[in-house]
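We name chains A, B, ... by the order of the sequence lines, and we start the count at 1 in each one. Computed over heavy atoms, backbone and side chain alike; hydrogens, waters and symmetry mates excluded.
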Number of protein chains: 2
Amino acid sequence: MSKIQHRSLYLEVADRVRELIEQGDLAPGERISEKQLCERFGVSRTPLREALKVLASEGLIELLPNRGARVMRLTLKMVKDTYDLMGALEGLSGELACQNISDEGIKAIRALHDEMLRHYRDRNLPDYFQVNQKIHEGILAASANEVLQEMYSNLSQRVKRVRYSKKMTDDYWRRAVQDHEHMIIALEARDGKRLGQILRDHLCNKLEVASLAGVIEDEHALNAVNA
Amino acid sequence: MSKIQHRSLYLEVADRVRELIEQGDLAPGERISEKQLCERFGVSRTPLREALKVLASEGLIELLPNRGARVMRLTLKMVKDTYDLMGALEGLSGELACQNISDEGIKAIRALHDEMLRHYRDRNLPDYFQVNQKIHEGILAASANEVLQEMYSNLSQRVKRVRYSKKMTDDYWRRAVQDHEHMIIALEARDGKRLGQILRDHLCNKLEVASLAGVIEDEHALNAVNA
DNA sequence: AGAAGATATTATGAATTCAAAATTCAACTA
DNA sequence: TAGTTGAATTTTGAATTCATAATATCTTCT
């Protein structure tokens, strides 16, 4: 026996639409045709529309009354604002993690840190990024604050689709690794205030924003399409 | 002519249900009858159910598959976690406000601060609280980060219904006012780091949590009802 | 030919209907 | 009498239908 509990259809649909947006199959600003998606998923309009309402409240799409839904357009300011917020949340996660993490948990993060350093020395950017992300996720999980995690996921989801252009300069990379050195020291000392401070200031976010300045349509392009 | 744009029905319904929850007309853990609410609002089940989905994604209610909706029960841990988060967001709002606020904006906050001090000297708790809240809202608005404001509103909404029991001791009150003195100094100096730090540590939140320990059902009571 | 208006078509908003799951309650058994 | 089974009722989940607003198309007139 496999699935006892069958998830609601609208949740399933919401997940699928999220994927489509993340993958770029639904382009920013693109109009979402209810009928088309219904046929694609093989469901009626009712659960689809429920899913769209949820996605709208998550900030992934926008619902224009009587004029359908469209994938939320990301402006540079929106992304900046979101990253500022994510920085603040990471800062909090660091403070809380120091209070709640077990010694084993610290060791696990340390292991990830060392692995990340190896990838840095090998100039293996993809693996570096992956392990880097695992470290941040690990600290977030160690915070033991589910509301925080939920909110961080939501923010992360919103900007996920612009997270590709990683033109990491050598200087930036060096400084990011340096930040991480300080982070692990603070974590092992369980110095929450300090870890929080480092995470808030961690240039990773600012770096990404900087590198995004080119790829995101600015307000002018936005208005042109909306008109 | 009055209303050009007629808001969607589900948004209207969601607002009404939010009110009911906030006012306590729908008790925590209470089962929400679709039919009952439909009759109450004079709408069909479709927009009501859409509204419920949105409220669930906001964390105000929970949807149990095939078993309807119930008002989210607040555990002490949830409220603590939420307040920690709100503290972090306020901290960020302080940092950003120092960067973005106009001189007039600072003057306006200063005026509120002075008014708050008067209420403190008069031991006028209700007005003190109201002006206090205006100050925090003012800083939040000055942050010029809409994502932040949206997220803060959502968190605030979640815990709004337990924000009544204000047993402010004289000592706590004195220290809260002291915090505010430091806040206004940091703001007028546009010292973002410092204002952020103060807001994060501001004991107002911790105080409220402490005073709530009694009024919220703990996990045991919760389990008893859920069983 | 091009613009303005009228009509047709399509898409959205909301109510209703149908199906399936959960709950209630009465009858039956031990 | 307590517990269990099973039909009847209620409630939820999802599809369909109906109404209305938006869009596209087609005239018609200048």
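- We find that CD of B/Gln36 is positioned 15 Å from C1' of D/dT12, with the value rounded to whole Å.
- A/His136 meets the ring-ring contact (aromatic ring centres under 6.0 Å, His included) test with A/His180, A/His202; sequence neighbours excluded.
- Shown here are the salt bridge (Lys or Arg N to Asp or Glu O under 4.0 Å) partners of A/Arg67, two or more places apart in sequence or in another chain: there are none.
- When heavy atoms are screened at a 4.0 angstrom cut-off, B/Ile32 is found touching the sugar-phosphate backbone but no base atom.
- Atom pair B/Arg31:CZ and D/dT10:P shows a separation of 14 Å (rounding to whole Å applied).
- Taking atom CD of residue B/Glu12 and atom P of nucleotide C/dG13, one finds them 15 Å apart after rounding to whole Å.
- A/Glu95 meets the salt bridge (Lys or Arg N to Asp or Glu O under 4.0 Å) test with A/Arg200; sequence neighbours excluded.
- The local environment of CD in A/Glu22 is crowded, with over 12 non-hydrogen atoms from other residues, nucleotides or ligands closer than 6.0 Å.
- The phosphate of C/dT10 has neither OP1 nor OP2 within less than 4.0 Å of any side-chain N or O from A/Lys35.
- Rounded to an integer number of Å, the gap from CG of B/Leu11 to P of C/dG13 is 10 Å.
- For residues 12-21 of chain B, every residue pair satisfying the side chain to side chain donor-acceptor pair (under 3.5 Å) rule, not counting sequence neighbours, is listed here: B/Arg7-B/Asp15, B/Asp15-B/Arg18, B/Arg18-B/Glu58.
- Here the C1' atom of nucleotide C/dG13 and the CG atom of A/Leu63 are 11 Å apart, to the nearest Å.
- Residue pairs meeting the side chain to side chain donor-acceptor pair (under 3.5 Å) criterion with at least one partner in residues 31-41 of chain B, sequence neighbours excluded, are B/Glu34-B/Arg45, B/Glu34-B/Arg49.
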Short N/O separations, protein against nucleotides 13-17 of chain D, under 3.5 angstrom:
residue, atom, partner, partner atom, Å
D/dG13, OP1, B/Asn66, N, 3.0
D/dG13, OP2, B/Arg49, NH2, 2.1
D/dG13, O5', B/Arg49, NH2, 3.2
D/dG13, N7, B/Arg45, NH2, 2.9
D/dG13, O6, B/Arg45, NH1, 3.2
D/dA14, OP1, A/Leu9, N, 3.1
D/dA15, OP2, A/Ser44, N, 3.0
D/dA15, OP2, A/Ser44, OG, 2.5
D/dA15, O5', A/Ser44, OG, 3.3
D/dA15, N7, A/Thr46, OG1, 2.7
D/dT16, O4, A/Thr46, OG1, 3.4

